[in-house]
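Notes to accompany the following structure.
These figures come from a predicted structure and were not determined experimentally.
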Amino acid sequence: MKTTDILNALEKDRATMPQSTQDLHTQAIEQSSTSFISQFDVQTEQQPSEKKRDVKMSTSNVHVYYGEAEAIKGIDLNIYENEVIAFIGPSGCGKSTFLRTLNRMNDTIDGCRVTGQVMLDHQDIYDPNLDVVLLRAQVGMVFQKPNPFPKSIFDNVAYGPKLHGLARDKYDLEEIVENSLRKAGLWDEVKDRLNQPGTGLSGGQQQRLCIARTIAVSPEVILMDEPCSALDPIATAKIEELITELSQQYTIAIVTHSMQQAARVSHRTAYFHLGDLIEVNATEKVFTQPDHQLTEAYITGRFG
Ligand SMILES: Nc1ncnc2c1ncn2[C@@H]1O[C@H](COP(=O)(O)OP(=O)(O)OP(=O)(O)O)[C@@H](O)[C@H]1O
């Protein structure tokens, strides 16, 4: 379906509403978009300046199929080193599917097929000879629901470094665990109970533990699939602060349903629609002057 067809259909829907409902609808859209954009103006003042533009990952003509159904329809995207890029779009548009192509998590889904090319630096990550376990250390992932292992806090973080042989000895391992917990902003809260189960922490702490676990294997890219959707506003704010800090060292791609969150944490935003990448631009531009009508319709609340 073409953009104009979608926009015409939306307008047609409105035309069938009684005038009073149309007025309310228009008012609601204007209010939500004005308050959203004015909030954004304040927040963008705190955005980090644009980082250097070395490409860290790139996708060319990536298609993803679940059986016969095409969920991603040929996406080309560069992801730059040390940027936070947010993927937004209506439910089912393919954000998570695309995110999973970046560390081959789709390999774990029966009937899922990926074509095209995904590069990490100069390495084709779909090369059949590639070590996928190593790839998932280089391109780590944090999921929607915190998923600590049923192990102690220490062992949750130590697991990856042990698996990949990253620690020379016990002391080195302890240092990796402490540094990772510090970077994840959790050390002070857990340093006296490292032997207690990770599952005993609060939801927000568990999510930071999962971030520490990801960091412990020295990733280059961190993928986050709606990492705050199961968290309360305070825990969400902590994770958002952490994302900003982590972007000094890592490249981060985040799927989010919250446009406010995308505005707060990302340098660039990519808008997906029905398996297509419609627009990718500086976050401020996407939320104030998007290039594409479909992006504008989404951010002003006309659908999604
Ligand atoms: N495991 C699966 N098997 C079959 N189809 C799937 C599977 N996962 C996703 N899909 C389909 O692929 C399309 C894209 O889904 P995806 O979850 O990537 O979208 P999304 O934008 O992340 O959605 P949401 O915002 O609701 O999480 C949808 O049509 C979805 O139904």
Going from [atom1] on [X] to [atom2] on [Y], what distance comes out if it is rounded to the nearest 0.5 angstrom?
X      : Y      : atom1 : atom2 : result
Ser266 : Met259 : OG    : CE    : 12.5 Å
Met119 : Ile125 : CE    : CD1   : 10.0 Å
Lys285 : Thr295 : NZ    : OG1   : 9.5 Å
Leu231 : Thr236 : CG    : OG1   : 5.0 Å
Thr256 : Asp225 : OG1   : CG    : 10.0 Å
Leu223 : Ile254 : CG    : CD1   : 11.0 Å

Are [X] and [Y] packed together at the side-chain level, in the sense that at least one heavy-atom pair is separated by less than 4.5 angstrom?
X      : Y      : answer
Cys210 : Pro148 : yes
Glu245 : Lys183 : no
Ile88  : Phe272 : no
Ile215 : Asn179 : no
Tyr298 : Pro90  : yes
Tyr126 : Thr101 : yes
Gln138 : Pro219 : no
Leu274 : Cys93  : no

Angle between ring planes, Tyr65 versus His63, binned at 30° and 60°: parallel, tilted or perpendicular?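 Ring orientation of Tyr65 relative to His63: parallel.
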Tell me the closest heavy-atom pair linking [X] and [Y], and the distance in Å.
X      : Y      : value
Lys95  : Phe87  : CD-O, 3.6 Å
Val62  : Gln117 : CG2-O, 3.5 Å
Val157 : Ser180 : CG1-CB, 3.8 Å
Leu277 : Asp76  : CD2-O, 3.8 Å
Asn78  : Glu83  : O-OE2, 4.2 Å
Thr97  : Ala71  : CG2-CB, 4.3 Å

Do [X] and [Y] belong together in a cluster built from hydrophobic side chains that touch within less than 4.5 Å?
X      : Y      : result
Phe287 : Tyr271 : yes
Val190 : Val177 : yes
Val217 : Val221 : no
Leu99  : Val64  : yes
Leu102 : Leu130 : yes

If only atom types and distance count, is the side chain of [X] paired as donor or acceptor with the main-chain N or O of [Y] below 3.5 Å?
X      : Y      : result
Asp169 : Tyr171 : yes
His267 : Val84  : yes
Lys56  : Ile252 : no
Asp276 : Ile278 : no
Gln249 : Leu246 : no
Gln207 : Phe143 : yes
Asn61  : Gly74  : no
His292 : Leu294 : yes

Tell me whether the guanidinium CZ or amine NZ of Arg213 lies under 6.0 angstrom from the six-membered ring centre of Phe149 and within 45° of its axis.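 Flagged: Arg213 positioned over aromatic ring of Phe149.
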As a quick check of understanding, evaluate side chain to side chain contact (heavy atoms under 4.5 Å, CB included) for Leu77 and Met57, giving each step before the final call. CA-CA 8 Å; Leu77 176 69; Met57 293 197 80; over 6 Å; no
Start with the C-alpha gap between Thr251 and Glu81, add the side-chain angles, then the distance that decides, and say whether side-chain hydrogen bond (donor to acceptor under 3.5 Å, both in side chains) holds. CA-CA 5 Å; Thr251 301; Glu81 202 160 332; 6.0 Å; no
For the residue pair Ser152 / Asn195, report whether a side-chain donor-acceptor contact shorter than 3.5 Å exists.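 No, no side-chain donor-acceptor contact under 3.5 Å.
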Hey, are Ser247 and Thr244 close enough side-chain-wise for a donor-acceptor pair under 3.5 Å?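 No donor-acceptor contact under 3.5 Å links the two side chains.
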Show, in sequence, the C-alpha distance, side-chain angles and deciding distance for Val255 and Phe98, and conclude whether the side chain to side chain contact (heavy atoms under 4.5 Å, CB included) test is met. CA-CA 10 Å; Val255 169; Phe98 182 70; over 6 Å; no
Check Asp107 with Arg100, please: is the shortest side-chain N to carboxylate O separation under 4.0 Å?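 Salt bridge: no.
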Does a side-chain N-to-carboxylate-O contact under 4.0 Å join Glu189 and Arg208?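 Salt bridge: yes.
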Assess the residue pair Val118 and Arg104 against the criterion (side chain to side chain contact (heavy atoms under 4.5 Å, CB included)); give the C-alpha distance rounded to whole Å, side-chain angles, the decisive distance to 0.1 Å, and a yes or no. CA-CA 10 Å; Val118 182; Arg104 292 186 50 176; over 6 Å; no
Step by step, would you call Asn281 with Glu279 a side-chain hydrogen bond (donor to acceptor under 3.5 Å, both in side chains)? CA-CA 6 Å; Asn281 259 316; Glu279 169 166 359; 3.0 Å; yes
Show your reasoning for whether salt bridge (Lys or Arg N to Asp or Glu O under 4.0 Å) applies to Asp155 and Lys151. CA-CA 6 Å; Asp155 286 342; Lys151 291 171 179 284; 5.7 Å; no
Pick one: which of Leu181, Leu242, Leu186 meets side chain to side chain contact (heavy atoms under 4.5 Å, CB included) with Ile211?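 Result for side chain to side chain contact (heavy atoms under 4.5 Å, CB included) with Ile211: Leu242.
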Stepwise, does the side chain to side chain contact (heavy atoms under 4.5 Å, CB included) test hold for Trp187 with Glu178? CA-CA 7 Å; Trp187 175 250; Glu178 178 175 338; 3.6 Å; yes
Heavy atoms of other groups near [X] [atom1], more than 12 under 6.0 Å:
X      : atom1 : answer
Lys191 : NZ    : yes
Tyr159 : OH    : no
Gln289 : CD    : no

